[in-house]
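Values in this document were obtained by computation on a predicted structure and should not be read as measured data. Order of the sequence lines sets the chain letters (A, B, ...), proteins ahead of strands, with each chain counted from 1.
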Amino acid sequence: MTGRLGRFLVGLPPYLWLALFFLAPFAIVLKISLSQPDAGIPPYLPLWDAAAEAGRQWRGTFDNYARLAEDGLYLAAYLNSIRIAGIATLACLLIGYPAAYAIARAPTAWRNSLLLLVALPFWTSFLIRVYAWIGILKTEGLLNALLLWLGVIAEPLQILQTDLAVIIGMTYSYLPFMVLPLYATLEKMDLSLLEAAADLGCRPFKAFLAVTLPLSMPGIIAGSLLVFIPAVGEFVIPDLLGGTDTLMIGKILWSEFFDNRDWPVASAVAVAMLVLLVAPIMIVQNARAGAEDKAGGKGRR
Amino acid sequence: MTVAPAPWTDPASVPLIRFDGVSKRFGDVVAVDRVDLAIHKGEFFSLLGASGCGKTTLLRMLAGFEAPSDGRILIDGADVTAVPPYERPVNMMFQSYALFPHMTVAGNIAFGLKQDGLARPVIAAKVKAVLDLVQMGKFADRKPHQLSGGQRQRVALARCLAKEPKVLLLDEPLGALDKKLRQQTQLELVNIQDRVGVTFVMVTHDQEEAMTMSSRIGVMNAGRIQQVGTPVEIYEYPQSRYVADFIGAANMFEGTVSSASSAGVVVACPELAHDLTTAHADPLAGGHPVTVMVRPEKMSIGRDAPADGFNWARGTVADIAYLGDVSIYHVRLDSGRKVEALQANLRHTERHKLTWDDPVFLSWHPADALVLTR
């Protein structure tokens, strides 16, 4: 009896936290997204018209969502966000996998120091680090200066204010979120499996593809989700590094909210992003768990 | 067990595996120290020793996971010292089994065959054949984590056998199994080896396991091979104090050679205050320090002084370990040191005549006393 109560009490704080800081704000956003815009403060009308004569009257509307569907700008922004975040995730994976692999196979004494180096950028403000990239990527910046000096290019490249700059910025910012989960799966891998593969006649690179890669899949998926999800909704990086034509949903949301003061549409953008992004990911995760159940059964260990 | 003459006694027989002055150093630590060893085709050879004696390192060098610091390793006449593991005609069964957790039982076994570029139907037929051999045919579609320890062990064995290697290496193959399953599996492994005719090289720290399964045993200590021989040779004729002590129980008496003749060596033993006669044929110089070793089951225990011609020692019963079929008597000699005598409990009551603190005589035949000089 006390055991069950204890477990309940221990489990309570995270649920309370989620309820207070995720569910409640989300409910407010959902409410605003169903409201009609207004020129007052706050800039929307309440869902129920308390002043109506025949009691309270429903004044909610789906117009804001209809606008998202009608205006091609929003769909384009969603798709472009997914494209840019997808490329950044892939870049993080391509850079992060070898890095995580190298750390996991480094001498035990080095590993913690190397992991600390991965996390080191967090000690400086995210905003400042993104600003620093402006200095690197701008036309007369460090990167162009280096390429000119090396003779690779004759004219400075326009990198800043392009999608490429946004992708570079995202890859840089989110790389640790890829490296850490990958390291965790690679580090705990039983190395005798690779010896067994070699023993059975498998060359090292093939053994990597046949054994290491599939066994690190949980880390690849976890790392990719940790990069992809925040990258899709990213505002700061496209705002600072991207151009005026870099269409990303985070920027749209910002401009609807602050420039147009259209809170209901901004809220609809936020809700739609959550549904469009989280729903597919949950379906994929469920399918994966289902497939594992079918193949492996439950009760591992 | 075998009727044909043993290949290792035939000087014309070419060994399948040869270690030629092989050493392995890890930094300052010498794990394997100048090992020369020849293993013949069809043998079940065991490397036996305490942990840290270098036996696993020797096995891993044979598999190709470690490169020798010195010396050469030959398999079937070819120098494989620099050959990577994936090109060696040997397969290893790992202590942890090292089954691929993301593949089914059949997938694990097919893995090695795919590396050889065999056709699908050939692979399927081979997988089925080895699974039947280890009686795991019903489990082909299971994943390793759905199997018991004993079943995983069979799959690991099948995965090696499927490759039809020239040599199969086993690293503590039964270490993860419980005692009953281990004894049953010991004989099964020997039967399988008999049927497929592959040469087995096994590493174990369990002397009973080595004795039960092996055609020959190499006893290792501190990186060196102490003695190579059949289980009988190792037990009955150990060549050093270390081997005598490591295999089974041994009673040792220190002394010096007082005389040597064709009949044997006579050893003066200060502890017993009389000479011990042995059948040791090697004529040793007088005064040479030696150890006389007698196995507990070769010792008779009784109240009466033994007949002439027997060696003897006098003491009192300090402890009796009654094991049902046999009893082990711990006898405290006059010198205060304890020795062991093992007697079969042949009759219901006879042995009960001896009890704690009884004065007894221990006696043994000169032929059962071994003279050790190392």
Give a yes or no on whether Y15(A) atom OH has more than 12 heavy-atom contacts from other residues, nucleotides or ligands under 6.0 Å away. no
F122(A), CZ: over 12 other non-hydrogen atoms inside 6.0 angstrom: yes
Pick one of side chain, backbone, both or neither for M103(B), based on which atoms fall under 4.5 Å of a heavy atom in chain A. side chain
Matching residue for F100(B) among L215(A), D190(A), L200(A) - test: side chain to side chain contact (heavy atoms under 4.5 Å, CB included): L200(A)
Where do P204(A) and Y86(B) come nearest, in terms of heavy atoms and distance? CD-CE2, 3.5 Å
Value for CG (L193(A)) from OG (S96(B)), rounded to nearest 0.5 Å, stands at 7.0 Å
Can you list the residues that meet the salt bridge (Lys or Arg N to Asp or Glu O under 4.0 Å) rule with E43(B), with sequence neighbours excluded? R216(B)
Strictly distance-based, threshold 3.5 Å: is any side-chain N or O of N91(B) a donor or acceptor partner for the main-chain N or O of D199(A)? yes
Part of L99(B) lying under 4.5 Å from any heavy atom of chain A: backbone
Where on A210(A) is there a heavy atom nearer than 4.5 Å to chain B: the side chain, the backbone, both, or neither? both
Go through E87(B) and R203(A) one step at a time and tell me if the side-chain contact (heavy atoms from CB on, under 4.5 Å) criterion holds. CA-CA 9 Å; E87(B) 282 171 2; R203(A) 285 166 175 282; 2.9 Å; yes
Apply side-chain contact (heavy atoms from CB on, under 4.5 Å) to M217(A) and H102(B), showing your working. CA-CA 11 Å; M217(A) 222 28 149; H102(B) 58 301; over 6 Å; no
Under a 4.5 Å cut-off applied to non-hydrogen side-chain atoms, are F94(B) and S192(A) in contact? yes
Passes side-chain contact (heavy atoms from CB on, under 4.5 Å), E195(A) versus M92(B)? Steps please. CA-CA 9 Å; E195(A) 286 187 344; M92(B) 176 141 150; 5.7 Å; no
With a 4.5 angstrom heavy-atom cut-off, is it the side chain or the backbone of R60(B) that approaches chain A, or both, or neither? side chain
Which atom pair, heavy atoms only, marks the closest approach of Q115(B) to C202(A)? OE1-SG, 3.5 Å
Mark yes when over 12 heavy atoms from residues, nucleotides or ligands other than R195(B) sit less than 6.0 Å from its CZ; otherwise mark no. yes
